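The structure displayed is predicted, hence computed values, not measured ones.
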Amino acid sequence: MIIALKPGVSREDIIKLTSDLENLGVKVDSSQGASQIVLGLVGDTTVINDEALRANHLVERVIRVQEPYKRANRAFHPMDTVLEFKSGDKTAKVGGGSFAVIAGPCSVESREQLVSVAEAVKKSGAAFLRGGAFKPRTSPYSFQGMGCEGIDLLVEAKKATGLPIVTELMEISQLELFEDVDMIQVGARNMQNFNLLKELGRSKKPILLKRGMASTMTELLMAAEYVMAGGNSRIVLCERGIRGFDNFTRNILDLAIVPALKKKTHLPVIVDPSHATGLSWMVPAMSKAAIASGADGIIVEVHNDPEHALCDGEQSLTPEKFENLMGVLRKYAEIEGKTI
């Protein structure tokens, strides 16, 4: 249920109304809109008397929300959520008119490799550095990442370049290792690991939540709801391709979900053209399409030597190709009224 209050309502009146509602057994979240305050009620709202609420002199309108996701719902939070990351004297943003570019290798392989790529993507204009320390792989014989050492190298690269770092968490026991990580990625395979999502809701760390390869839009938003129910609303949603019957590309990039999500939720939405296509030569076209679809950014794989990469070399751009891509994306972003 959503309660839109009349303009000019005092703080004391809001506190009193919130207290009265919570005494009925529901939780109340307050959101400041452009011109009014909106109260979102979560819980068993059948105990709420709609007519009595509408008669309240503080209330402008009452709306019952049908979707199962509440906190992630734009109706609860009309203003777009914008995430800010301070690094030194600079601030990187996701949302709010910024087109955030997250770039780096699929997996951390060595200090030399990571620092080289980090310096290159920063020079080209990336706002964040990505890199996998723990890698979920289909085959148990594939490279699984450097683990703790990979985290340490990412932190080194962060200190050297000033770029906020994004890396994937696979299980709750690893969480204490992510203290210096700026944004924790939840991969497609863990999107419905509900115990992990609950723990991340308590962590307060920004979360990059990737859509599962066979998940609906509602399931993605419900996964976000798990995190938000724990108190953490700093979430970025990521479309990374879904599974289809054609294996020409690694996955099928569902760009239609981007404007759909922007309509349904206030959370930022980015696109992963690397995992969606699995082919580096398709990444530029899909990155441009991501801007046109209304995405708030992309996450792209960049490797200094893709032919000898330990993971996903075929979908990784070289630093030179990434630099060319960034030049093109700035022009497309400008057309869409965004900045890189």
Inset, instruction - Keeping to residues at least two apart or across chains, list the side chain to side chain donor-acceptor pair (under 3.5 Å) pairs with something in residues 121-135. - result: none
Legend entry - Parallel, tilted or perpendicular: rings of Phe248 and Trp281 (30°, 60°): perpendicular
Could you go through residues 228-237 and list every donor-acceptor pair under 3.5 Å that involves a side-chain atom there, pairing it with any protein atom two or more places apart or in another chain?
from   : atom 1 : to     : atom 2 : distance (Å)
Asn232 : OD1    : Arg234 : N      : 3.0
Asn232 : ND2    : Leu200 : O      : 3.2
Asn232 : ND2    : Lys205 : O      : 2.7
Arg234 : NH2    : Glu84  : O      : 3.1

Inset, instruction - Mind telling me whether Phe194 and Tyr226 have parallel, tilted or perpendicular rings, with 30° and 60° as the class edges? - result: parallel
Inset, instruction - Under the salt bridge (charged side-chain N to carboxylate O under 4.0 Å, His left out) rule, what do Lys158 and Asp180 come out as? Steps first, then yes or no, please. - result: CA-CA 9 Å; Lys158 173 183 174 180; Asp180 295 318; 5.7 Å; no
Legend entry - Cluster link Leu197 to Val166, ILVMFWY, side chain under 4.5 Å: no
Inset, instruction - Taking only Lys NZ, Arg NE, NH1 and NH2, and the carboxylate oxygens of Asp or Glu, determine whether Glu156 and Arg111 approach each other closer than 4.0 Å. - result: yes
Inset, instruction - Treat each ILVMFWY residue as a node, draw an edge where side-chain heavy atoms are under 4.5 Å apart, and state whether Ile270 and Val258 are in one component. - result: no
Legend entry - Side chain Ser98, main chain Ala100, donor-acceptor under 3.5 Å: no
Legend entry - Side-chain ion pair, Glu67 and Lys264, N-O less than 4.0 Å: yes
Inset, instruction - Under the salt bridge (charged side-chain N to carboxylate O under 4.0 Å, His left out) rule, what do Arg250 and Asp312 come out as? Steps first, then yes or no, please. - result: CA-CA 11 Å; Arg250 181 173 180 173; Asp312 292 344; 3.2 Å; yes
Inset, instruction - Report, as yes or no, whether the 6.0 Å neighbourhood of atom CZ on Arg243 holds more than 12 heavy atoms from other residues, nucleotides or ligands. - result: no
Inset, instruction - Please answer whether the main-chain N or O of Val283 pairs with a side-chain N or O of Ser287 as donor and acceptor at a distance below 3.5 Å. - result: yes
Legend entry - Side chain Arg211, main chain Ser215, donor-acceptor under 3.5 Å: yes
Inset, instruction - Please report the C-alpha distance between Asp296 and Lys338 in whole Å, then the side-chain angles of each, then the deciding distance to 0.1 Å, and finally whether the salt bridge (charged side-chain N to carboxylate O under 4.0 Å, His left out) criterion is met. - result: CA-CA 9 Å; Asp296 296 298; Lys338 294 181 179 290; 3.7 Å; yes
Inset, instruction - Tell me whether Val269 is reachable from Leu221 by hopping between hydrophobic residues (I, L, V, M, F, W, Y) whose side-chain heavy atoms are closer than 4.5 Å. - result: yes
Inset, instruction - Any pair with a residue in residues 321-337 that passes side chain to side chain donor-acceptor pair (under 3.5 Å), sequence neighbours left out, goes on the list, sorted by first then second residue, please. - result: none
Legend entry - Glu60/Lys6 salt bridge by N-O under 4.0 Å criterion: no
Inset, instruction - Just do the side-chain contact (heavy atoms from CB on, under 4.5 Å) check on Leu317 and Glu301 with the steps written out, would you? - result: CA-CA 6 Å; Leu317 298 174; Glu301 292 187 0; over 6 Å; no
